[in-house]
Undergrad: 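Take this structure first; my questions come after.
All heavy atoms count here, side chains included; hydrogens, waters and symmetry mates do not. A, B, ... follow the sequence lines: proteins, then strands. Residue 1 opens every chain.
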There are 2 protein chains.
Amino acid sequence: MDMLEQYLPFFTKLTPQQQAVLSQNTTRHTAKKGEIVHNGSLDCIGILILVRGQFRVFTLSEEGREITLYRLWERDICLLSASCMLNSIQFDVSVEAKKETEYWKIPASVYRKVMQQAAPMANYTGELLAARFSDVMWLMDQILYKRMDSRLAAFLLEESQLEGGRELKMTHEAIARHLGSAREVVTRMLKYFQSEGLVALSRGSVTISDETGLRKLAEESLR
Amino acid sequence: MDMLEQYLPFFTKLTPQQQAVLSQNTTRHTAKKGEIVHNGSLDCIGILILVRGQFRVFTLSEEGREITLYRLWERDICLLSASCMLNSIQFDVSVEAKKETEYWKIPASVYRKVMQQAAPMANYTGELLAARFSDVMWLMDQILYKRMDSRLAAFLLEESQLEGGRELKMTHEAIARHLGSAREVVTRMLKYFQSEGLVALSRGSVTISDETGLRKLAEESLR
């Protein structure tokens with residue numbers, strides 16, 4: 001099962017024995033569209049390596065509200081589904097397959113055991129954690145400081161009313177100018193909206209898919 | 001300089017050579033109260049190990065609003081002041097000494113170099129990162145899901161515990177910054193608290209009058 005070599009950049013730096021332990025304990029799975037692959041604190045299934053498909057990683061509040069933290073795509077590694085592996089992780093996320101998704105799974109205990117001996121693996125895993133931490137910091141920054149999510153939602157609704165249609169023929173650059181923001185920020189937030197099913201993006205236009213959802217978001221700025 | 005052994009749990013698991021590299025490059029510093037020890041993207045000073053005092057780690061938005069992410073105390077290790085060490089960290093924090101603070105500093109490049117060879121060090125650093133990630137996730141949960149009144153109540157109680165008294169010498173502006181909110185919101189809520197007999201307000205300070213009442217309010221978020 002030397003496929004792991006293709007997905008785990010540190011694999012070739014492990015000893016043959018460490019490689020064997022990982023390979024022998026890796027199993028292949030397929031999740032159906034909409035399937036909850038990992039459910040918060042209820043399980044700790046292990047490290048997931050995406051072969052094909054898409055995972056959505058989200059948190060759920062006590063009141064049942066959820067927020068998407070980030071998405072994982074082909075070749076991405078899902079670490080927080082094995083959060084029991086890290087003693088210091090004190091929050092839970094859930095993972096949903098957004099489409100039919102094939103993935104490899106390495107049990108948390110196996111991954112942890114090898115990682116404790118292998119510096120390249122521990123360092124790579126640290127980088128993965130740092131990347132996800134960065135995703136969450138970006139999201140928090142946008143929501144807290146810029147209210148960029150609600151401002152963008154409000155702007156799209158207002159434009160749609162003015163134009164009398166759900167399709168807005170505007171570049172991201174133009175939207176950014178209206179909001180006093182940067183194009184990159186608007187593009188990233190629009191992609192986030194798209195992944196949440198709020199809008200559909202195509203070349204030179206943004207189409208509103210879920211007006212109610214956008215309105216809810218727009219009104220949150222008035223909290 | 002074998003004091004590092006007392007502060008870094010992985011130290012004894014390093015080779016004598018690795019220990020020597022760390023020790024020879026560690027320097028002792030003292031920050032004055034209010035001093036900005038690390039300033040966002042402007043520097044990457046290294047790993048800081050607190051000997052005595054308190055650090056406040058915060059982010060700053062483009063508009064100059066700040067929010068406290070977490071605090072560090074004696075024996076804590078400040079990792080994000082060496083964020084250049086991790087390629088995947090794509091956000092900046094600043095670090096302020098809340099009182100006179102003594103700390104050891106290990107340059108980011110030195111720490112990184114040893115960590116790349118030493119599994120125990122890489123694993124411990126991953127745990128540190130996971131702990132800070134957890135702090136931020138907790139904060140995001142507070143902000144996104146919790147009601148403002150209970151957040152303010154929780155904040156006042158926490159500050160009172162930290163400062164060891166019922167009188168908090170803080171402006172509404174400063175409280176708002178800590179909560180990622182606006183001064184007007186905080187002032188209005190504090191006046192409401194005063195009318196409910198929970199606090200007494202005077203110029204530049206807030207005094208807790210009814211700790212039990214505040215605690216009840218703070219715990220309402222747990223509904």
Undergrad: If the contact rule is any heavy atom under 4.5 Å from chain A, which residues of residues 35-54 of chain B qualify, in numerical order?
TA: none
Undergrad: For residues 112-130 of chain A, run the donor-acceptor check on the side chains, cut-off 3.5 Å, and write out each pair with its distance to 0.1 Å, sequence neighbours left out.
TA:
from, atom 1, to, atom 2, distance (Å)
Arg112(A), NH1, Met85(A), O, 2.4
Gln117(A), OE1, Gln18(A), NE2, 3.2
Asn123(A), ND2, Ala119(A), O, 2.9
Asn123(A), ND2, Met115(B), O, 3.0
Thr125(A), OG1, Tyr111(A), OH, 2.8
Thr125(A), OG1, Met121(A), O, 2.7
Glu127(A), OE1, Asn87(B), N, 3.2
Glu127(A), OE1, Ser88(B), N, 2.8
Glu127(A), OE1, Ser88(B), OG, 2.6
Glu127(A), OE2, Asn87(B), N, 3.0

Undergrad: Please name all residues satisfying side-chain hydrogen bond (donor to acceptor under 3.5 Å, both in side chains) with Ser109(A), sequence neighbours left out, ordered by chain then number.
TA: none
Undergrad: So for atom CD, which belongs to Gln17(A), do other residues, nucleotides or ligands contribute more than 12 heavy atoms lying within a distance under 6.0 Å?
TA: no
Undergrad: Would you call the rings of Phe133(B) and Phe133(A) parallel, tilted or perpendicular, taking 30° and 60° as the class edges?
TA: parallel
Undergrad: What pairs with Arg56(A) under side chain to side chain contact (heavy atoms under 4.5 Å, CB included), at least two apart in sequence or on another chain?
TA: Phe58(A), Glu66(A), Thr68(A), Arg71(A), Glu96(A), Lys98(A), Glu196(A)
Undergrad: Let me confirm one number: the CG-CE distance from Leu69(B) to Met137(A), rounded to the nearest 0.5 Å.
TA: 4.5 Å
